[in-house]
Amino acid sequence: VQLQASGGGLVQAGGSLRLSCAASGRTFSSGTMGWFRQAPGKEREFVSAISWRRSSTDYADSVKGRFAISRDNAKNMVYLQMNSLKAEDTAVYYCAADDRAFDGNIAAIWVRSGVNYWGKGTQVTVSS
């Protein structure tokens, strides 16, 4: 299984970026896909996820209202539209996927259960 993330880069504060993640080797159309991030000197943290189950979504409080997650099951891809970016959004963003379809508080459940598959990260740098 490979999760290939792309779309990272350098952007000024207030700008936008769109991350994409393409999954190969396995279909996650019935599971959960999402994004985590890790800033320098900090632990990896949950950002957003979307589950097949009723297309449930979940966001970290720090990105609610600014980020939007979506998925294309036919292409086995997940996207993260990031708007109104802040310097504190600077991090390596990792695509994540799971065969299980979570619902409700996806962040808490997924973190507690453990992520099945991780992709290599893509760097997002927001200059202030």
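What you see is a predicted model, and the numbers here were worked out from it, not measured in a lab. Start at 1 with the first residue, then count along the sequence.
- With Asn76 contributing its side chain and Arg26 its backbone, the two residues share a donor-acceptor pair below 3.5 Å.
- A distance of 12.0 Å separates OG of Ser48 from CZ of Arg66, quoted to the nearest 0.5 Å.
- Using a 4.5 Å cut-off on side-chain heavy atoms (C-beta onward), Glu88 and Ser128 make no contact.
- With hydrogens and angles disregarded, a donor-acceptor distance shorter than 3.5 Å links the side chain of Arg71 to the backbone of Phe28.
- Nearest approach of Ala101 to Ser30, heavy atoms of both residues: CB-O, 3.4 Å.
- Residues Val111 and Val78 are members of separate hydrophobic clusters, defined by side-chain heavy-atom contacts under 4.5 angstrom among Ile, Leu, Val, Met, Phe, Trp and Tyr.
- Within a 6.0 Å sphere centred on CD of Gln2, other residues, nucleotides and ligands contribute 12 heavy atoms or fewer.
- Hydrophobic clustering (ILVMFWY, side-chain heavy atoms < 4.5 Å, transitive): Leu80 and Trp118 are in distinct clusters.
- When atom types are taken as modelled, the side chain of Arg44 and the backbone of Phe36 share no donor-acceptor pair closer than 3.5 angstrom.
- Side-chain contact between Ser51 and Asp103: absent, with no pair of heavy atoms (C-beta onward) separated by less than 4.5 Å.
- In this structure, CG on Leu3 lies 5.5 Å from CE on Met33, to the nearest 0.5 angstrom.
- Proximity of Val63 to Met82: side-chain heavy atoms (C-beta onward) are nowhere separated by under 4.5 Å.
- Note that OG of Ser6 is 9.5 Å distant from CZ of Arg18, once rounded to the nearest 0.5 Å.
- A distance-only check finds a donor-acceptor pair linking the side chain of Thr32 to the backbone of Phe102 [under 3.5 Å].
- Taking the ring centroids of Phe67 and Trp35, they lie at or beyond the 6.0 Å cut-off.
- Formation of a donor-acceptor pair under 3.5 Å by the Asp58 side chain with backbone atoms of Ala107 is found in this model.
- Annotation: Gln4, atom CD; neighbour count of heavy atoms from other residues, nucleotides and ligands within 6.0 Å does not exceed 12.
- Between the OH atom of Tyr79 and the CD1 atom of Ile69 there is a distance of 12.0 Å, given to the nearest 0.5 Å.
- By the 4.5 Å heavy-atom criterion applied to side chains, Trp110 and Asp98 are counted as neighbours.
- Using a 4.5 Å heavy-atom threshold, the side chains of Met77 and Ser20 count as touching.
- Aromatic rings of Phe46 and Tyr59 (six-membered ring for Trp) have centroids beyond the 6.0 Å cut-off, not under it.
- Rounded to the nearest 0.5 angstrom, Asp99 CG and Thr27 OG1 are separated by 10.0 Å.
- Distance alone, capped at 3.5 Å, places no donor-acceptor pair between the Thr125 side chain and the Thr90 backbone.
- Smallest separation of non-hydrogen atoms from Gly121 and Val92: CA-CG1, 3.6 Å.
- With a 4.5 Å cut-off on side-chain heavy atoms, Ile106 and Ser56 count as touching.
- Looking at Tyr93 and Gln123, their side chains never come closer than 4.5 Å, going by heavy atoms from C-beta outward.
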Test side chain to side chain contact (heavy atoms under 4.5 Å, CB included) on Glu45 and Arg37; report intermediate values, then the result. CA-CA 5 Å; Glu45 64 176 2; Arg37 69 186 180 185; 2.7 Å; yes
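- Salt bridge Asp89/Lys86: absent, no basic N to carboxylate O contact under 4.0 Å.
- Pairing each heavy atom of Thr122 with each of Ala5, the nearest pair is CG2-CB, 4.1 Å.
- Nearest heavy atoms, Gly8 versus Val124: CA-CG2, 4.1 Å.
- Between Ser70 and Gln81 the shortest side-chain heavy-atom distance does not fall below 4.5 Å.
- Distance CG/Leu85 to OG/Ser127: 10.0 Å, rounded to 0.5 Å.
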